[in-house]
S.K.: 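My questions will all concern the structure given below.
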Amino acid sequence: MYIYINEASHHLGDEVEIRGWLYNKRSSGKLHFLILRDGTGLMQAVVSKKEVSEEAFETSGNLTQECSLIVTGKVSEEPRSPGGYELHVTDVKLVGKSEDYPITPKEHGIEFLLDHRHLWLRSKRQHAILKVRAETAAAMREYLNSRGFVNLDTPIFTPNACEGTSDLFETEYFGGSAYLAQSGQLYSEAAIMSFGKVYCFGPTFRSEKSKTRRHLTEFWMLEPEVAWLDLDGCMDLEEDFIVEVVARVLDRCAEELKVLGRDTSVLEKVQKPFPRITYDRAAEILKEKGADFTYGTDFGGADETILGESFDRPVFIHHWPADIKAFYMKRDPNDYSKALAVDLLASEGHGELIGGSQREDDLDELLKRLKEHDLPQKYFEWYLDLRRYGSVPHSGFGLGFERTVGWICGTPHIRETILFPRLMHRLEP
RNA sequence: UCCUCGGUAGCUCAAUCGGCAGAGCGGGUGGCUGUUAACCACUAGGUUGGGGGUUCAAGUCCCUCCCGGGGAGCCA
């Protein structure tokens, strides 16, 4: 009977078949210990010379790291085996050989590992991180789907800069130019006028020459957008969302987080309420802690780390100086110099997870913003129409998915949180 | 684009003041009946990133180019 390794506990004493790959092997003359891997877990298989055919014993002695194989044997409990169950082998069949597998069970440098990303994925750590990624995405979708959000995905080819700031990748488009989207937000703003609550979740592209642990050129962004929602409501939503997603991942990925050595007490503290401080207050904190920071500018990586470390859970920073924020953000009616924008910073130097805002819903104000930011009005006529025909107050946010996964996993660099990272100096594999 | 660190065996690294290019892992061969990145013995494996220069002598010093890591700016 063919079973997966994570089903072994239901088959104690049964003769079963495991199909997988050889993770590692140890040998003691008349005894071979095979560590098997099948995608669901690791399991030790013992091949004893006097219990199998001569051919099977020789086959198992010649197995090499990462060859694929089918192993038949009896399941028993064994605390010394990873996973707690062991297979007493009756037969071994080599399926696909693996000669000179490049990634050995020793240390490797990051360049080598990224060059071999297609094989690196098989390692315990990468398997765990990508499993957490999948569960995090599922938890996010479930949260939004169960609360009436409609998932509508936005285009990737765009004619213009959505925010008019970041560098975009330009591509040929039937003799003209198109750009790869860096955000779906503006399109989602159109969608909420039909659906009320929507979200998009997909890849976004930035050709910024950023070589840091927090940047990829292709990354995934989750962007909910909600009609009739103000800035405080947006923070309420973000807070409830993060708390619930983290709780679900803690519950479903306990094993993976253990493999990663993640201090889960940090994640268990992610409970309501998150501190909410103004930009002005954040600037004071930075001044108190002696940071080299100029009021009126955006926070640098070091500033974000200081602010993140100042609290035991993610922290909201709201009411930003309007002139360092995007054109579509609504001004604070009580202080015209401030934008109704909010960033959510994570602890432990993982930086900005979310950027959100209440959007400008007044036609004349928005026209003024476009001029101030020197953006061509003709590309935004459709967006202005949303203010001409039944405009409503509305808000939304964009969550950097890899940064969030990196924070949950505690990985120092987000390149490990995506299957094949795209970086400034890396397009392959 | 700027700052900074690095490039030596398949991998991770060492090589003192400029003086015979080495180790561990991985590979191969042999040994071992409970191993946990198993262990023990033997063995093969090198254009020291490329080019130029200084020197009796360069992995090591100088110039230059290439590639990469970390960071800044920018951003999620």
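Quick note on labels: first sequence line is chain A, next is B, and so on, each numbered from 1. Predicted model, so just to flag it, every value in this text is computed and none were measured.
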S.K.: If a pair means Watson-Crick or G-U wobble with both distances below 3.5 Å, what does RNA chain B look like in dot-bracket form, with | marking bases paired to a different strand?
M.R.: (((((((..((((.....[..)))).(((((.......))))).....(((((..]....))))))))))))....
S.K.: For RNA chain B, find the residues of residues 77-91 of chain A with a heavy-atom distance under 4.0 Å and give them by number; none if there aren't any.
M.R.: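 Contacting residues: A:E78, A:R80, A:E86, A:H88.
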S.K.: Would A:Y173 and A:F157 count as a ring pair (Phe, Tyr, Trp, His ring centres under 6.0 Å) here? Give the steps.
M.R.: CA-CA 9 Å; A:Y173 197 81; A:F157 284 134; 5.1 Å; yes
S.K.: When every nucleotide of nucleotides 5-11 of chain B is labelled 5' to 3' by its protein contacts under 4.0 Å (heavy atoms), B for base, S for sugar-phosphate only, - for none, what sequence of letters results?
M.R.: ------S
S.K.: Would you list the atom pairs, donor with acceptor, under 3.5 Å between side chains in residues 20-29 of chain A and any protein atom, with sequence neighbours excluded?
M.R.:
unit_1: A:K25; atom_1: NZ; unit_2: A:G61; atom_2: O; d: 2.7
unit_1: A:K25; atom_1: NZ; unit_2: A:L63; atom_2: O; d: 3.0
unit_1: A:S27; atom_1: OG; unit_2: A:H32; atom_2: ND1; d: 2.5

S.K.: Supply the atom-to-atom distance A:Q358 CD to A:H394 NE2, rounded to the nearest 0.5 angstrom.
M.R.: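 Going from the CD atom of A:Q358 to the NE2 atom of A:H394 covers 8.5 Å.
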S.K.: Would A:R141 count as a cation-pi partner of A:Y143, with NZ or CZ less than 6.0 Å from the six-membered ring centre and within 45° of the ring normal?
M.R.: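 Negative - A:R141 is either too far from the ring of A:Y143 or too far off its axis.
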S.K.: Has the side chain of A:S210 got a donor or acceptor that lies under 3.5 Å from a partner of the other kind on the base of B:G73?
M.R.: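 Side chain to base: pair found, below 3.5 Å.
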S.K.: How about A:N145 and A:Y199: does a side-chain donor come under 3.5 Å of a side-chain acceptor?
M.R.: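 A donor-acceptor contact under 3.5 Å links the two side chains.
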S.K.: Please classify B:C62 as syn or anti, treating any glycosidic angle within 90° of 0 as syn.
M.R.: anti
S.K.: Side-chain donor-acceptor pairs under 3.5 Å in residues 311-318 of chain A, sequence neighbours left out?
M.R.:
unit_1: A:R313; atom_1: NH1; unit_2: A:Q271; atom_2: O; d: 2.9

S.K.: Nearest 0.5 Å, please: how far is NE2 in A:H116 from CD in A:E111?
M.R.: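 Answer for the CD-NE2 pair, A:E111 versus A:H116, is 10.5 Å.
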S.K.: Under the side-chain hydrogen bond (donor to acceptor under 3.5 Å, both in side chains) rule, collect the residues that match up with A:R214, sequence neighbours excluded.
M.R.: none
